[in-house]
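Down below is the structure, laid out as structure tokens.
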Amino acid sequence: MSFNHRKIEEKWRNYWIDEKTFATKIDSEKQKFYALDMFPYPSGSGLHVGHPEGYTATDILSRMKRMQGYEVLHPIGWDAFGLPAEQYALDTGNDPAVFTEQNINTFRRQIQSLGFSYDWDREVNTTDPGYYKWTQWIFIKLYEKGLAYVDEVPVNWCPELGTVLANEEVIDGKSERGGHPVVRKPMKQWMLKITAYADRLLDDLEDLDWPESIKDMQRNWIGRSEGAEVEFTIDGHEDNFKVFTTRPDTLFGATYAVLAPEHPLVEKITKDEQKDSVQAYLDKVQSKSDLERTDLAKEKTGVFTGAYAVNPINGEKLPIWIADYVLMTYGSGAIMAVPAHDERDYEFAKQFNLEILPVLEGGDIENEAFTGDGKHINSGFLNGLNKEDGIEKALEWLEENNKGTRKTTYRLRDWLFSRQRYWGEPIPVIHWEDGTQTTVKEEELPIVLPKTTEIKPSGTGESPLANIHDWVNVTDPTTGLKGKRETNTMPQWAGSCWYFLRYIDPNNTNELASKEALNKWLPVDVYIGGAEHAVLHLLYARFWHKFLYDIGVVPTKEPFQKLFNQGMILGENNEKMSKSKGNVVNPDEIVESHGADTLRLYEMFMGPLDASVAWSTNGLDGARRFLDRIWRLFVTDENMLSEKIQEGNDNDDLVRIYHETIKKVTQNFEDLRFNTGISQMMVFINEAYKTDYVPKSYAEGFVKVLAPIAPHLAEELWSILGHDETISYQPWPAFDEKKLEVNEVEVVIQILGKVRAKMMVDKEATKEEIEEKALNVDAIKERLEGKTVRKVIVVPGKLVNIVAN
RNA sequence: GCGGGUGUGGCGGAAUUGGCAGACGCGCUAGACUUAGGAUCUAGUGUCUCUCGACGUGGGGGUUCAAGUCCCUCCACCCGCACCA
């Protein structure tokens with residue numbers, strides 16, 4: 001008979017919630033373990049089968065660690081501000097708060113139906129004023145330290161969404177959310193100075209137990225490059241300009257210079273006879289959308305200004321060009337072009353017939369730029385040096401002669417932090433009528449988002465909050481000075497930058513979390529979520545955490561010691577699940593038809609946690625079949641303990657496999673290799689079916705290791721085994737290394753690397769004994785007839801390889 | 001183009017330090033039980049020959065007594081970045 005998952009799962013789900021089985025004692029004496037899930041954005045479409053994959057992984061670890069005697073913090077919450085709810089509210093005329101609350105209720109119900117061992121008293125919600133009070137507080141601290149500032153910058157304006165977006169939120173010239181077109185537009189915006197932390201964000205990656213691919217993505221995003229800033233004067237002109245280069249050693253090979261179209265000197269230095277063509281070029285560049293600028297057809301374009309720069313190293317005159325392959329936003333917006341040794345400059349020089357002068361030996365500059373290493377030539381005092389020494393000597397020369405300095409630049413830009421939207425944390429700043437601006441006093445926090453029915457973006461770049469006069473207009477009670485509140489709100493990423501801190505002390509009204517609790521519980525021991533947050537969330541959260549570390553709020557430099565990215569669950573047709581493809585699997589239906597335990601088991605057994613694997617209904621059935629097999633082994637049709645489970649000592653047929661199972665499963669779970677751990681559990685059950693009886697102690701040990709994967713079923717089996725209390729805090733079973741040993745081991749006998757026979761030998765047998773025995777095996781003797789044995793290799797306990805011809 | 005990764009039966013995937021390739025599951029085949037089976041149990045299942053055996057981890061080459069694992073080379077696919085000087 002198969003077990004009734006609906007009844008069993010409901011029973012234990014209610015038990016855990018009613019008894020608060022998984023409440024964390026935050027000041028416990030036990031060793032701590034903090035297992036964190038990336039908290040979900042509670043979308044209107046509900047939970048997806050992809051969500052439970054990562055959640056099950058952390059849940060297994062949490063349940064195992066509890067049984068191993070740790071105090072476990074395993075919380076969940078809601079990243080509930082953000083564009084989709086607001087867009088939906090706009091489209092349907094609903095209040096985003098109401099809509100969000102409904103979504104959260106759905107998510108909570110769905111997550112609870114899967115039996116995750118969250119501490120439900122620690123739920124956080126980024127849209128709760130009690131929570132975002134502290135998001136605002138952190139903003140004020142950033143402001144006080146000069147890390148939050150207003151700047152007029154060219155921003156990514158998305159007309160469709162009516163808001164600006166951070167660089168990280170723009171993909172191929174379109175908004176990450178919704179895929180709407182994005183254009184460049186100068187606007188006054190709040191910025192966070194993440195660049196001040198660029199070096200630390202880069203260097204501290206070294207000590208983190210994170211996937212190398214994620215670390216690399218962050219390294220590339222930060223994009224530190226070391227080189228020199230070199231000063232160029234302009235022939236017959238007062239002004240000069242700086243260029244950034246990583247190859248100061250190639251300065252002798254510079255044959256022209258390029259300014260970005262937006263460079264402030266462009267207008268000043270352009271000669272009269274070039275004015276028309278330069279203006280025409282600038283017009284053309286400006287009308288290009290971001291999409292066109294990143295277009296794949298990368299033909300170089302540009303125009304000559306008529307002006308000449310002077311190469312500081314040899315006094316040569318270099319024509320100054322304008323071209324959009326030089327970006328105003330990187331370095332100084334100007335470059336020295338060394339076409340012989342830079343691919344982009346080479347292309348440009350070919351296009352416009354500019355001089356190409358090699359300064360490094362090797363390569364064939366007739367056909368392509370040479371970017372490798374070689375001896376310097378045509379380079380005055382650098383001649384004969386290699387790349388590394390050349391760079392060093394050039395840097396020394398530049399500094400001695402006041403022509404340039406060592407300089408490090410970054411690809412990372414400051415974080416654009418304002419959104420012209422309603423559904424976000426209000427930025428706690430007041431602009432006063434005397435032209436000053438201040439942050440709100442801490443005791444006035446939180447600045448609560450006002451209720452309104454008018455949440456439509458104005459489209460002019462002003463937030464809908466600007467129309468709520470009661471809220472916007474303030475008067476200082478002591479001075480009578482009038483002012484207006486900042487009407488921009490924070491981006492969605494703000495709330496998720498620190499939520500893992502709030503879980504530690506979620507109801508604290510005096511501080512974001514108590515110092516003692518933070519000291520005990522940080523860092524997060526394991527953090528599991530999707531790879532889509534590789535740069536956005538994970539970089540921002542690290543930045544805020546480092547800042548909080550600097551002002552003494554948190555005790556660790558990094559928030560997440562170990563990070564793991566779960567893979568994607570694809571549709572049955574091997575494609576990404578999506579409504580339009582009709583291949584979405586709804587977890588509610590699986591819980592109903594197969595049970596939560598089956599879903600958990602199946603998702604963990606599909607393959608390695610980090611792989612993307614297609615959903616398979618047959619595979620799901622197989623997972624259920626395994627649970628049924630366990631049930632039938634333990635329980636009779638009358639729901640009594642099966643006679644096959646017997647009190648008493650070891651069963652010799654089962655003893656080794658039992659201890660091996662405990663060992664492997666424990667190790668595999670620890671390593672997040674759930675698929676192999678489960679396979680070992682299947683091996684045990686297969687063996688248990690073949691033998692006459694299963695000692696009760698083995699049965700109990702097995703149910704304990706099953707509990708993290710299939711907790712409802714395990715609880716039920718545990719009670720059928722005669723226990724009154726939850727299995728959740730029962731000690732994790734131990735294995736006995738001695739029981740794994742065998743007296744005789746099978747050794748394979750190979751001839752020339754091919755397996756020809758097998759034999760049993762004593763575990764303690766010496767190499768000589770094994771060799772002798774192997775040569776006396778009949779099948780081997782036959783094969784060696786007429787051949788000379790040249791060599792015999794013996795690997796004790798494993799194999800014998802005979803080299804004979 | 002740059003960076004990271006993957007490639008093993010019909011399918012998902014196993015395989016410490018090089019040491020029996022294909023654990024476990026799905027699917028398939030046969031048998032048992034059964035009024036019945038999309039239930040359950042038992043056995044089998046890499047390919048070719050069905051007897052000995054040969055061949056097999058993307059292709060080719062190499063090191064080694066021994067290679068999925070190490071080295072060289074080529075190919076395919078996935079992810080990220082993309083004129084970042």
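Note on naming: letters A, B, ... go to the chains in the order of the sequence lines (proteins, then strands), and numbering restarts at 1 for each one.
Side chain A/K798 to base B/U17: a donor-acceptor pair is found below 3.5 Å. For A/N618 against B/C26, no side-chain N or O and base N or O form a donor-acceptor pair under 3.5 Å.
Regarding A/Q218, its CD atom lies at a distance of 14 Å from the C1' atom of B/C81, rounded to whole Å. A straight line from CD of A/Q351 to C1' of B/C83 spans 14 Å, rounded to a whole angstrom. Taking atom CG on A/L327 and atom P on B/A85, their separation rounds to 10 Å, with Å as the unit. Here B/G12 presents its P atom at 16 Å from CD of A/E53, a figure rounded to the nearest Å. Rounding to whole angstrom units, CG of residue A/L412 and C1' of B/A82 are separated by 17 Å. Nucleotide B/C78 holds its C1' atom 13 Å from the NZ atom of A/K576, rounded to whole Å. In this structure, A/N675 atom CG and B/A14 atom P are separated by 5 Å, rounded to whole Å.
Using atom C1' as the reference point in both B/U69 and B/U57, the two lie 10 Å apart (nearest Å). Taking atom P on both nucleotides, B/G80 is separated from B/C48 by 40 Å, rounded to a whole Å. Between B/C74 and B/G1, the two P atoms lie 13 Å apart (nearest whole Å). To the nearest whole angstrom, the two P atoms, one in B/C50 and one in B/C11, are 26 Å apart. Using P as the reference atom, B/G3 and B/G56 are 34 Å apart when rounded to the nearest Å.
With sequence neighbours left out, the side chain to side chain donor-acceptor pair (under 3.5 Å) criterion links A/E670 to A/K65.
In this structure, B/G56 shows a glycosidic angle more than 90 degrees from zero, which is the anti conformation.
A cation-pi contact, defined as under 6.0 Å to the ring centre and within 45° of the axis, is absent between A/R542 and A/W493.
Remark: RNA chain B takes part in the stems B:1-7 with B:75-81, B:10-12 with B:24-26, B:27-32 with B:40-45, B:46-48 with B:53-55, B:58-62 with B:70-74, each of 3 or more antiparallel Watson-Crick or G-U pairs, criterion distances under 3.5 Å.
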Derivation of the ring-ring contact (aromatic ring centres under 6.0 Å, His included) call for A/W210 and A/F564: CA-CA 7 Å; A/W210 285 24; A/F564 196 90; over 10 Å; no
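Nearest-nucleotide positions on RNA chain B place A/L799 closer to the 5' end than the other of A/L799 and A/Y330.
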